[in-house]
Amino acid sequence: MDLQTTTYLVVGLSFALYIGIAIWARAGSTSEFYAAGGAVHPVMNGMATAADWMSAASFISMAGLIANMGYGGGLFLMGWTGGYVLLAMLLAPYLRKFGKFTVPQFIGDRFYSQTASTVAVACLLTASMTYIIGQMTGVGVAFSRFLNVSSDTGIYIGQAIVFLYAVFGGMKGITYTQVAQYIVLIAAYIVPAVFISIALTGNPLPQLGLGSTMSGTDMALLAKLDMVVTELGFGKYTTTTAGSTLNMFVYTMSLMIGTAGLPHVIMRFFTVPTVKDARSSAGWALVFIALLYTTAPAVAAMAKLNLHATVNTAVTKGGDLYAPEASIVAEARPDWMKRWEKTGLLKFTDKNGDGRIQYYNDATKNPEAKAKAEAAGWKGNELTVNADIIVLANPEIALLPNWVIALVAAGGLAAALSTAAGLLMAISSAVSHDLVKGVFAPNISEKNELLAGKIAMAVAIVISGYLGLNPPGFAAGTVALAFGIAASSLFPAIMMGIFSKKMNKEGAIAGMLAGLFITLFYVFAHKGIFFIKGTDFLPMIGGANPFFGITPEAFGAIGALVNFAVAFIVDKFTKEPPEHIQHMVEAVRIPRGSKAVDGAH
Amino acid sequence: MQHNHDVHGYWKATLGLLTKIMIIWFMVSFGAGILFVDIFNNIHLGGYPLGFWFAHQGSIYIFIVLIFYYAKKMGDIDREFDVHED
């Protein structure tokens with residue numbers, strides 16, 4: 001069977017499975033729609049959380065970025081897992097005890113204020129929308145390659161599927177479908193990694209393979225990679241940091257606290273039966289996430305090595321990387337490169353007209369590499385590979401069988417769809433429950449509330465698809481922005497709501513607004529107002545990364561600090577929260593007396 | 001709401017546990033993986049420089065252990081102060 005048919009078959013089968021489950025577990029009530037009736041086993045919930053969590057950014061984009069960044073890419077690995085420790089200890093059990101099913105509801109009740117709840121809705125919508133833009137970019141990449149369409153058409157197809165899927169499912173359907181999606185996506189990620197790890201090092205576990213020696217030599221894989229990339233003028237793989245140590249520090253911190261502040265993740269902990277389950281559920285989620293996250297660095301390093309080995313035969317054979325015959329002949333380049341060229345995400349231009357492909361860093365600061373390239377008559381780098389295609393192209397680069405390539409396609413789509421669905425649930429519940437029912441129409445019927453939620457989903461999909469056509473960065477970078485927004489606005493408010501009995505509504509509202517505003521200001525200065533191209537205003541704030549060289553993706557941690565500081569100052573000058581709120585905080589802190597979630601106010 | 005329990009003592013025990021775990025959480029990721037990565041990179045774990053290993057592998061394994069340790073210890077504290085769920 002040819003690759004295209006195999007791909008259609010595998011992707012088609014996986015979709016049939018999800019749709020089957022969605023129909024079988026159709027939601028009957030609002031509580032089932034938003035919180036799966038509060039009855040999902042912690043291990044199942046952990047798996048669904050993992051699928052929800054690991055989006056197109058984790059699956060498709062992250063390893064590619066790590067391959068580009070090297071050691072510095074570890075900020076994604078630590079940031080997107082370390083947040084679960086915070087989530088498990090600081091938020092999940094208490095929010096479960098609180099027993100409502102949306103984040104704005106908690107903030108509204110704890111800070112005894114409709115305004116606080118509405119501000120939380122605004123923060124939630126901003127973070128979730130930004131996140132979905134990143135998903136749409138990833139969906140576009142996946143569909144474009146596997147259906148042989150342009151990346152824009154890929155986004156349109158993705159929009160339609162995500163919509164159908166989220167609108168008909170509801171949380172209960174989504175939870176069980178996500179369990180299936182987890183299994184598909186993790187298999188799709190690990191199978192090629194195992195193949196590649198065996199091929200390169202003889203060790204079937206990628207986590208160990210990455211630390212092993214190359215097959216048939218006594219040179220460590222990472223040492224080999226370091227040698228090849230530095231000789232070609234790139235930064236040393238195992239030590240290149242992301243900007244500066246300070247930037248890497250705050251970037252990691254932003255992702256961690258953003259993880260703990262993202263509403264679609266927090267929502268998952270409302271779906272477990274007890275407080276005790278909420279604690280271990282975060283652990284199970286992380287176990288399932290770690291399977292992918294500890295494999296990703298191996299995928300990154302090995303794909304990078306394989307890519308270099310594909311275009312430069314001296315990488316495997318040894319000898320001079322700059323020898324004329326080492327670079328491969330363009331006409332004889334492998335089929336996978338031609339396939340990806342059609343999507344526009346891989347480009348080859350023969351700058352020196354020698355009919356061969358030279359892939360190196362032409363902007364290198366390494367004088368030795370520069371001299372060698374000049375001596376070899378290289379006239380600039382001739383191959384550009386979009387970081388977002390590394391994972392999808394990985395099995396093709398390693399020349400793995402067609403069914404593996406098809407499986408990866410199914411996995412990438414599962415990752416993007418499951419996360420988009422989870423985010424849409426968060427958006428839909430915030431709009432229908434916290435905004436429409438909470439503010440505009442308190443007497444709305446359950447049926448109309450569900451309808452309002454579905455309309456909100458549709459609007460969210462259209463906007464995110466539009467912005468996904470012109471994304472503010474790679475899928476993972478865009479998603480990182482969403483984490484920064486959640487980190488700076490929601491996380492501090494929820495945390496103070498639990499850990500400070502005296503924090504009052506004025507403090508919380510001022511803090512959320514300050515954190516959100518300063519982070520958006522910094523992000524929009526770089527990426528354009530609401531990510532619309534051409535509306536950035538960098539000169540106004542003094543060029544790129546003006547705040548101690550911190551990049552906009554990393555700014556969330558600073559925004560969170562501002563949030564905390566403003567909240568505490570305002571709190572000092574306004575009156576304490578009423579007695580019954582302080583009692584409520586005390587009650588939230590102890591597990592006894594937890595009950596099933598209910599949506600009523 | 002039950003005031004016959006030592007709510008204050010329970011909360012103190014909880015915060016004590018959280019502080020201990022967060023110190024380890026910080027040390028493995030921000031400490032070994034970022035701030036002191038160069039020092040740790042002088043040591044090798046198989047083909048891995050150790051600092052690089054903490055950033056790309058080790059901190060994730062330790063995070064998992066931390067959460068299950070926390071869940072278990074909190075269960076103990078719940079029972080000690082008699083505030084556990086039925």
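Naming: A, B, ... by sequence-line order, numbering from 1 per chain.
Between A/Trp284 and B/Phe68, the ring center distance clears the sub-6.0 Å criterion.
At a 4.5 Å heavy-atom cutoff, the contact between B/Phe26 and chain A is made by side-chain atoms alone. Both the backbone and the side chain of A/Leu286 come within contact range of chain B, judged by heavy atoms closer than 4.5 Å. Using a 4.5 Å cut-off between heavy atoms, A/Ala223 does not touch chain B at all. Contact of A/Leu86 with chain B is made through the side chain alone, with heavy-atom distances under 4.5 Å. Of the two parts of A/Thr213, neither the backbone nor the side chain holds a non-hydrogen atom closer than 4.5 Å to a non-hydrogen atom of chain B. Neither the backbone nor the side chain of A/Leu87 comes within contact range of chain B, judged by heavy atoms closer than 4.5 Å. For chain A, the nearby parts of B/Ser29 are the backbone and the side chain; heavy atoms of each come within less than 4.5 Å. Looking at A/Met256, only its side chain comes within 4.5 Å of chain B, counting heavy atoms on both sides.
Side-chain contact between A/Pro93 and B/Tyr70 is present, with heavy atoms from C-beta onward closer than 4.5 Å. By the 4.5 Å heavy-atom criterion applied to side chains, A/Tyr293 and B/Gln57 are not counted as neighbours. A 4.5 Å side-chain heavy-atom check between A/Met89 and B/Met74 finds every atom pair outside the cut-off.
Using bins of under 30°, 30° to 60° and over 60° for the plane-to-plane angle, the ring pair B/Phe30/A/Phe249 lands in the tilted bin. Under the 30°/60° scheme for interplanar angles, the aromatic rings of B/Trp11 and A/Phe499 are found to be tilted.
Put simply, of A/Leu210, A/Thr239, A/Thr241, the one with the most heavy-atom pairs under 4.5 Å next to chain B is A/Leu210. Contact count against chain B (heavy-atom pairs under 4.5 Å) is highest for A/Gly82 among A/Gly79, A/Gly82, A/Ala282, A/Ala296. Chain A forms the most heavy-atom pairs under 4.5 Å with one residue out of B/Leu15, B/Val28, B/Leu18, B/Leu66, and that residue is B/Leu18. Ranked by non-hydrogen atom pairs under 4.5 Å with chain B, the options A/Thr252, A/Leu246, A/Thr245 are led by A/Thr252. The choice from A/Pro297, A/Gly74, A/Ala220 that makes the most heavy-atom pairs within less than 4.5 Å of chain B is A/Pro297.
Each of A/Lys276, A/Arg279, A/Arg589, A/Lys97 was scored for a salt bridge (Lys or Arg N to Asp or Glu O under 4.0 Å) with B/Asp78, with one residue passing: A/Arg279.
Minimum interatomic distance between B/His56 and A/Tyr71 (heavy atoms only, all atoms of both residues): NE2-O, 3.1 Å. Heavy-atom minimum distance, B/Tyr48 versus A/Gln207: OH-O, 2.6 Å. Shortest non-hydrogen contact noted between B/Pro49 and A/Leu222 is CD-CD1, 4.1 Å. A/Ala88 and B/Ile67 get closest at one heavy-atom pair: CB-CG2, 3.8 Å.
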Could you give the side-chain donor-acceptor pairs of residues 32-42 of chain B under 3.5 Å, partners two or more places apart or in another chain?
{"unit_1": "B/Asn41", "atom_1": "OD1", "unit_2": "B/Gly51", "atom_2": "N", "d": "3.1"}
{"unit_1": "B/Asn41", "atom_1": "OD1", "unit_2": "B/Phe52", "atom_2": "N", "d": "2.9"}
{"unit_1": "B/Asn42", "atom_1": "ND2", "unit_2": "B/Ile39", "atom_2": "O", "d": "3.4"}

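Here CD1 of B/Ile60 is found 4.5 Å from OG1 of A/Thr81. Values are rounded to the nearest 0.5 Å.
Not a single donor-acceptor pair under 3.5 Å links the side chain of B/Glu85 to the backbone N or O of A/Arg592. Here the side chain of B/His84 pairs no donor or acceptor atom with the backbone of A/Pro591 at under 3.5 angstrom.
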